[in-house]
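Comments concern the structure below.
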Amino acid sequence: MSNDKNDSSLSAADAADARGERSDTVSALERGISVLRCFSEERPVLGHADVARITGIPRPTVNRLVATLLTLGMLKPAQVADRFMLGPGVVSLSRVFLGSLDVRAAARPSMQAMAEEVGASVYLAIRDGMEMVLIEACRPRSSMLSARLDVGSRAPLPNSALGRAYLSALPDAQRNQLVDSMRLLRGPEWDGIAAPMTRAIGEARRLGYCLSLGEFHREINSVSVPLVGPDGEVMALNGGGAAFVFTEDRLRNELAPRLHDIALTIARDIGGHVPAPTLTPSPG
């Protein structure tokens, strides 16, 4: 879901550098975390050269960082010589994080019920860097056509419905700052991404939901709605699946209202809220 050129977990730091916003950070810690963020579902096993290429960190520094992370249990040796993967230390931290999210317990029953009734994959996500990371995932047990994302999977902010819904619920200044960062990081490809993203964000603000029609995964259509927790953290709920099953009309008329109802239920249970759409009446 991310690639070497546009690895958002690293590029967020690069964008902060460009804006001069990192005077209080510890560069050694940032570099160590950037090594951990190199790993993904598509890149579960890496070597020193891979990490140096992805992060841009010099190879001798990568060697020291990897040795430290191996000692701390954040990385572990892979079966292939001179390669490594995430270690149990990362798993224990993620379990603590996920266990502290009351929203997951509040969300799962409604999400699973929707997944079974409409045959869609239903996800709840929060932002991490320039991506949305799934913190809950529900799939219909009877369908082979659902997307195979799971807790921890990631989706890019600009071209996923999750990311667009998230962006739509941010205060204008914070959203504009993120968009500026994405523009810097994406480079020449940004022109092809910006226009549909802007339209989707506008739609989410008007209607309370937005779509991604084959823009994240070519054969997957989805719809998302934003949800704001009691502490102001913005999340997004998503539903969808195979494009030939979940057409645009079905997403708008069936899944979007259902997701909105689920978001309202979750918000009531956790003390949050769902941003009110600003739907304007049709002329005439």
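Throughout, residue positions are numbered sequentially from 1 according to the sequence presented. Only a predicted model underlies this, so the values are computations on that prediction, with no experimental measurement involved.
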Between [X] and [Y], what is the shortest heavy-atom contact and its length?
| X | Y | answer |
| --- | --- | --- |
| Thr265 | Ser110 | CG2-OG, 4.4 Å |
| Val223 | Leu259 | O-CD1, 3.3 Å |
| Pro140 | Ala115 | CB-O, 3.3 Å |
| Ser34 | Ile57 | OG-CD1, 3.5 Å |
| Trp190 | Pro158 | CZ3-CB, 4.2 Å |
| Leu124 | Ala107 | CD2-CB, 4.0 Å |

Would you find a donor on one side and an acceptor on the other, under 3.5 Å apart, between the side chain of [X] and the backbone of [Y]?
| X | Y | answer |
| --- | --- | --- |
| Ser224 | Leu162 | yes |
| Arg104 | Glu136 | no |
| Glu215 | Leu213 | yes |
| Arg154 | Glu131 | no |

Item to complete: Please determine which of Asp50, Val51, Thr55 meets the side-chain contact (heavy atoms from CB on, under 4.5 Å) test together with Arg53.
Response: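 The side-chain contact (heavy atoms from CB on, under 4.5 Å) with Arg53 is passed solely by Asp50 among Asp50, Val51, Thr55.
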Inter-residue atom distance [X].[atom1] - [Y].[atom2], 0.5 Å rounding:
| X | Y | atom1 | atom2 | answer |
| --- | --- | --- | --- | --- |
| Ile126 | Met235 | CD1 | CE | 8.5 Å |
| Arg64 | Arg31 | CZ | CZ | 9.0 Å |
| Glu117 | Glu254 | CD | CD | 10.0 Å |
| Lys76 | Leu86 | NZ | CG | 9.0 Å |
| Ile201 | Arg164 | CD1 | CZ | 8.0 Å |
| Arg43 | Cys38 | CZ | SG | 6.5 Å |

Practice prompt. Report, as yes or no, whether the 6.0 Å neighbourhood of atom CG on Asp82 holds more than 12 heavy atoms from other residues, nucleotides or ligands.
Written response: no
Under 4.5 Å between any side-chain heavy atoms of [X] and [Y], yes or no?
| X | Y | value |
| --- | --- | --- |
| Ser121 | Arg139 | yes |
| Asn238 | Val122 | no |
| Leu255 | Phe246 | yes |
| Asn221 | Thr247 | no |
| Leu170 | Tyr166 | yes |
| Met130 | Leu178 | yes |
| Leu36 | Met74 | yes |
| Arg127 | Val234 | no |

Worksheet item: Between Val62 and Val80, is there a shared hydrophobic cluster once you connect ILVMFWY residues whose side-chain heavy atoms come closer than 4.5 Å?
Response: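 Cluster IDs for Val62 and Val80 differ.
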Practice prompt. Answer yes if Val118 and Leu264 sit in the same cluster of Ile, Leu, Val, Met, Phe, Trp and Tyr residues linked by side chain heavy atoms under 4.5 Å apart, and no otherwise.
Written response: yes
Practice prompt. Give the C-alpha distance, both sets of side-chain angles, the deciding distance and a yes or no for salt bridge (charged side-chain N to carboxylate O under 4.0 Å, His left out) between Arg205 and Asp172.
Written response: CA-CA 12 Å; Arg205 291 165 67 86; Asp172 290 345; 3.6 Å; yes
Item to complete: Walk me through it: do Ile266 and Val103 pass the test side chain to side chain contact (heavy atoms under 4.5 Å, CB included)?
Response: CA-CA 7 Å; Ile266 297 170; Val103 65; 3.7 Å; yes
Discussion item. Let's go through Ile54 and Leu46 carefully: what are the C-alpha distance in whole Å and the side-chain angles of both, what is the deciding distance for side chain to side chain contact (heavy atoms under 4.5 Å, CB included) to 0.1 Å, and is it a yes or a no?
Written reply: CA-CA 10 Å; Ile54 295 168; Leu46 296 171; 4.3 Å; yes
Practice prompt. Kindly determine whether Arg258 and Asp261 satisfy salt bridge (charged side-chain N to carboxylate O under 4.0 Å, His left out), including the steps that lead there.
Written response: CA-CA 5 Å; Arg258 182 68 179 271; Asp261 288 345; over 6 Å; no
Practice prompt. For the pair Phe39 and Leu75, evaluate side chain to side chain contact (heavy atoms under 4.5 Å, CB included) and give the outcome as yes or no after the intermediate values.
Written response: CA-CA 10 Å; Phe39 295 87; Leu75 295 177; 3.6 Å; yes
Practice prompt. Evaluate the criterion salt bridge (charged side-chain N to carboxylate O under 4.0 Å, His left out) for residue pair Arg252 and Glu203; output intermediate values, then yes/no.
Written response: CA-CA 12 Å; Arg252 292 186 184 277; Glu203 183 172 66; 2.8 Å; yes
Discussion item. With side chain to side chain contact (heavy atoms under 4.5 Å, CB included) as the criterion, how do Met182 and Leu185 come out once you've worked through the C-alpha distance, each side chain's angles and the decisive distance to 0.1 Å?
Written reply: CA-CA 5 Å; Met182 287 188 286; Leu185 299 168; 5.6 Å; no
